[in-house]
Protein chains: 2
Amino acid sequence: MSTSSTYLLERAWVDGAVCDDVLVTVADGRFAEVVVESPAGRGFLTLSAVATPNNVSESLTTQSVLRIPGLTLPGLANTHSHAFHRALRGRTQRERGTFWTWREQMYAVAARLEPDSYYDLALATYREMAAAGITGVGEFHYLHYQPDGTPYDDPNAMGRALIQAAHDAGIRIALLDTCYLSSGFGKPPEGVQVRYSDGTAEAWAERVDRLQADGSAVVGAAIHSVRAVPAEQLPTVSDWAQQRPLHVHLSEQVAENDACAAAYGVTPTRLLHDHGVLGPLTSAVHATHLTDDDIATLGETQTFASFCPTTERDLGDGIGPSRRLHEAGSRLTLGSDSHAVIDLFEEMRAVELDERLASQQRGHWSAAELLAAATTDGHSSLGFSDAGAIAKGQRADLVTIDTNTPRTAGTGRDENTAVFAAAAEDVTQVMVDGRVVVRQGDREEIGRQLDAAIGRLWE
Amino acid sequence: MSTSSTYLLERAWVDGAVCDDVLVTVADGRFAEVVVESPAGRGFLTLSAVATPNNVSESLTTQSVLRIPGLTLPGLANTHSHAFHRALRGRTQRERGTFWTWREQMYAVAARLEPDSYYDLALATYREMAAAGITGVGEFHYLHYQPDGTPYDDPNAMGRALIQAAHDAGIRIALLDTCYLSSGFGKPPEGVQVRYSDGTAEAWAERVDRLQADGSAVVGAAIHSVRAVPAEQLPTVSDWAQQRPLHVHLSEQVAENDACAAAYGVTPTRLLHDHGVLGPLTSAVHATHLTDDDIATLGETQTFASFCPTTERDLGDGIGPSRRLHEAGSRLTLGSDSHAVIDLFEEMRAVELDERLASQQRGHWSAAELLAAATTDGHSSLGFSDAGAIAKGQRADLVTIDTNTPRTAGTGRDENTAVFAAAAEDVTQVMVDGRVVVRQGDREEIGRQLDAAIGRLWE
């Protein structure tokens with residue numbers, strides 16, 4: 001007989017509304033029951049004593065109820081992460097430059113990582129994510145080989161380090177193992193890129209086949225970009241992916257569009273579509289510089305649009321057509337990508353605020369829509385279609401924010417507080433798959449762990 | 001004989017560089033001494049015992065030294081605040097709309113405030129500012145009269161409430177008492193605007209003359225906008241201001257430019273310049289939609305440009321030409337304006353990040369330049385030219401951030417950490433004019449105070 005725990009959420013986002021006094025029962029990592037209205041006669045809604053997890057018993061009618069104050073949200077999904085970019089935060093702002101000069105600095109870090117240091121950095125980064133309310137991450141992983149391009153004894157040593165790091169941080173991971181074969185259209189891998197390349201898409205598929213998923217990990221696929229995988233090899237990747245998530249960087253930079261047009265005479269979106277890459281399990285990451293036809297194609301194929309607005313600001317990518325994509329049929333998801341900041345609350349509002357800058361109009365996205373992007377749609381795009389809602393049968397993720405901090409106080413304690421006022425620092429407790437993985441007071445240790453993991457890399 | 005205190009700053013921003021082990025002596029609210037290099041022989045750089053403020057004695061050679069860990073910055077200046085807008089945070093995002101529909105909601109709050117509730121809300125808001133490292137605020141204040149337009153017994157009751165609130169929060173204030181006479185070009189005040197209007201600029205000047213400054217308060221002037229003060233009355237305001245700060249909303253919206261062109265046949269910048277408003281003690285707030293000639297005029301007159309990027313995102317104002325203004329001769333300052341967020345760290349980086357979105361290039365502003373905007377230049381534009389630097393003779397403001405939080409850890413512990421990684425929540429201690437006004441642990445009480453002050457308004 002499995003044990004269950006019952007929690008009384010002071011206030012929670014359930015079925016598209018903020019509700020008071022939500023009673024949830026968790027068993028085997030899922031919500032066994034979610035009761036929104038006060039169940040008459042049971043009387044536990046007036047409990048003044050607060051139970052601790054240690055004295056929760058197994059019978060619902062007699063068991064203690066743990067009260068969780070604040071505003072509780074479903075778990076947040078970070079759909080686009082390069083964990084190792086966390087080592088660059090604050091260190092790439094010193095000089096003028098473009099996306100392409102930034103990339104040189106990023107490659108310098110990529111050249112240094114080994115499975116142990118990759119694990120340490122990813123663990124600290126995923127713990128920072130957990131503390132920010134992120135319960136699932138899509139890791140766009142391309143650091144496969146040793147610095148000289150030869151395989152590790154286990155050719156998936158680097159990918160396994162990431163899965164282990166997510167596991168040890170207490171969050172779920174979709175390892176989006178990335179096919180990266182060329183440095184540009186028709187150009188072989190250069191420099192550190194020898195760590196990325198399997199040589200052919202078939203060799204990539206053979207290696208990735210040896211990675212196993214489990215209950216908290218999905219192994220999915222990624223195509224780095226139309227630059228990095230020759231068109232004729234794209235179907236090998238999409239055929240391998242089949243019922244798994246498949247992610248691809250798409251039109252982040254105008255230069256990529258220009259090079260694609262020169263090489264193939266079409267836009268990157270069209271090229272991907274013509275080779276069977278787009279579809280309802282595919283995510284187009286960034287999707288910034290699109291034609292009207294591109295938007296229609298992404299919408300018609302129900303391809304997810306994974307926006308990363310704080311990174312797109314940082315790299316000067318530009319402002320993508322998030323609302324037009326949504327209206328065409330693409331569901332929005334959100335990623336912290338380069339980890340210039342890890343704060344899905346900021347990503348949610350940044351989508352709306354950047355649309356305002358571009359249009360000089362307010363009110364493109366409602367808070368409820370942005371929450372859907374950061375929760376249900378985000379988790380679905382990572383292959384966890386049973387996460388992102390506080391509802392019976394769903395994975396038991398709970399993210400609680402304090403609505404009485406200097407940042408959140410007086411803002412209405414509703415979904416607008418979450419989307420337009422809160423920050424990662426307002427998260428007080430995080431449950432993933434029924435297990436509390438972050439408590440108040442954990443931040444200090446997470447900071448020390450980040451400092452140590454990153455400090456070693458820059459020594 | 002005055003007492004003095006000595007502090008050893010583990011790391012600090014002094015004279016344009018991050019330095020280790022900075023020894024500062026504070027007397028009478030100012031820095032009496034700032035020693036950057038380790039003074040040989042004194043030995044206090046190796047002190048392992050940490051003194052508490054209570055046992056600081058008066059003799060430098062024998063006194064205890066209080067060690068302040070972390071990265072310490074000069075005090076930050078918030079050059080554009082409407083304190084009462086804090087009550088709107090999270091509450092104006094529910095519907096589509098423009099700047100102008102947002103303004104209707106803002107006016108609903110403006111109609112409810114009385115001196116007591118204005119004081120309560122401003123005190124809580126200024127305490128939030130203090131906790132974010134803001135040591136001086138420019139309050140653009142236009143809520144002068146009773147709801148029906150008649151004066152309070154003390155016609156400056158509302159302005160005095162703000163000065164008292166800043167004093168009680170422990171920060172300095174430049175009360176920018178705002179002349180607001182018309183609802184549009186040639187239109188009398190409407191609705192709640194009867195609270196704003198003195199009738200004529202002369203009556204405005206007579207009222208403001210009765211306000212007194214002191215060591216932590218400056219009484220300055222503001223012209224609400226070219227819409228709100230008829231051109232022929234502009235010189236009355238600028239003549240009154242003389243050696244005081246004078247602020248004016250400028251070209252925040254395209255509609256204002258269009259209406260000004262229709263009424264006067266010139267841009268708002270040209271109109272202000274032709275009536276003597278621009279100059280080195282004037283701040284143009286927003287300065288978003290400018291012609292090449294406007295930029296040249298603002299630069300030549302050395303008018304400050306007060307940018308409020310988080311508000312400009314929120315209201316969909318657009319992205320102003322911050323760098324071009326700087327190159328023309330206008331010094332940048334920063335404000336949190338509508339207080340959608342109170343975080344000068346975010347304002348600093350938002351200037352750079354929004355320029356990146358507009359240009360698709362990185363590296364327009366260095367961290368050092370953005371720190372100058374948030375410190376020395378900001379305080380100067382408020383009439384406190386002796387604040388904003390950790391230097392002998394300057395006002396003793398110290399803002400310390402924790403460089404080992406999840407947000408800041410591993411980011412290099414330099415000015416890029418402050419500008420491109422930190423958030424208000426990373427501030428651990430704030431000193432203003434030699435007095436510690438915020439300590440770790442104050443946030444909870446500040447949150448409660450905000451909740452109470454705002455809750456009463458919305459009852």
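Chain naming here is simple, since letters A, B, ... match the order of the sequence lines and numbering starts at 1 in each.
- Of the atoms belonging to Val419(B), not a single heavy atom falls under 4.5 Å from chain A.
- Heavy-atom distances place no part of Arg413(A) under 4.5 Å from chain B, backbone and side chain included.
- For Thr405(A), the part sitting under 4.5 Å from any heavy atom of chain B is the backbone (N, CA, C, O) and nothing else.
- Ala418(A) does not touch chain B: none of its heavy atoms, backbone or side chain, sits under 4.5 Å away.
- If you tally non-hydrogen atom pairs under 4.5 Å between each of Ile454(A), Asp426(A), Val341(A) and chain B, the highest count goes to Ile454(A).
- Looking only at heavy-atom pairs under 4.5 Å with chain A, the residue among Asp402(B), Ile319(B), Thr417(B) that has the most is Ile319(B).
- Chosen from Thr408(B), Thr310(B), Asp314(B), Leu457(B), the residue pairing most often with chain A at heavy-atom distances under 4.5 Å is Asp314(B).
- With respect to chain B, the highest number of heavy-atom pairs below 4.5 Å among Arg448(A), Gln93(A), Arg127(A), Arg443(A) belongs to Gln93(A).
- Atoms CZ and CZ, on Arg362(B) and Phe99(A) in that order, are 10.0 Å from each other to the nearest 0.5 Å.
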Self-check item: Glu425(B) and Arg407(A): CA distance, side-chain angles, deciding distance, side chain to side chain contact (heavy atoms under 4.5 Å, CB included) verdict
Solution: CA-CA 9 Å; Glu425(B) 284 77 5; Arg407(A) 198 179 276 267; 2.6 Å; yes
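- Residue contact with chain A, scored on non-hydrogen atoms closer than 4.5 Å, involves the side chain of Asp343(B) exclusively.
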Exercise. For side chain to side chain contact (heavy atoms under 4.5 Å, CB included), just list the numbers for Asn416(A) and Arg91(B), CA-CA rounded to whole Å, side-chain angles, deciding distance to a tenth of an Å, and then say yes or no.
Key: CA-CA 7 Å; Asn416(A) 291 288; Arg91(B) 295 175 186 268; over 6 Å; no
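- Heavy-atom neighbours of chain A within the stretch residues 345-355 of chain B, taken at a separation under 4.5 angstrom, comprise Glu346(B), Leu353(B), Asp354(B).
- In this structure, the portions of Arg89(A) lying under 4.5 Å from any heavy atom of chain B include both its backbone and its side chain.
- With sequence neighbours left out, Asp317(B) forms a side-chain hydrogen bond (donor to acceptor under 3.5 Å, both in side chains) with Gln253(B).
- With a 4.5 Å cut-off on non-hydrogen atoms, Leu315(A) touches chain B through its backbone and its side chain both.
- The parts of Thr92(A) that come within reach of chain B are both its backbone and its side chain, each placing non-hydrogen atoms under 4.5 angstrom from that chain.
- No part of His339(A) comes within reach of chain B, as not one of its non-hydrogen atoms sits under 4.5 angstrom from that chain.
- Proximity to chain A is absent for every atom of Ala358(B), based on heavy atoms less than 4.5 angstrom apart.
- Contact annotation for Leu357(B): both backbone and side-chain heavy atoms come within less than 4.5 Å of a heavy atom of chain A.
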Quiz item: Does the side chain to side chain contact (heavy atoms under 4.5 Å, CB included) test come out yes or no for Thr411(A) and Arg86(B), once each step is laid out?
Solution: CA-CA 9 Å; Thr411(A) 64; Arg86(B) 176 62 179 83; 4.1 Å; yes
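- Of the inter-residue distances, the one linking Gln449(A) atom CD with Asn404(B) atom CG reads 12.0 Å to the nearest 0.5 angstrom.
- Contact count versus chain B (heavy atoms, under 4.5 Å) is highest, among Glu128(A), Glu445(A), Glu444(A), for Glu128(A).
- The side-chain heavy atoms of Gln360(B) and His289(A), taken from C-beta on, include a pair separated by under 4.5 Å.
- Heavy-atom pairs under 4.5 Å with chain B peak, among Pro406(A), Ala409(A), Ala124(A), at Pro406(A).
- For His326(A), the ring-ring contact (aromatic ring centres under 6.0 Å, His included) criterion is met by Trp365(A), not counting sequence neighbours.
- For Asp414(B), the side-chain hydrogen bond (donor to acceptor under 3.5 Å, both in side chains) criterion is met by Arg94(A), not counting sequence neighbours.
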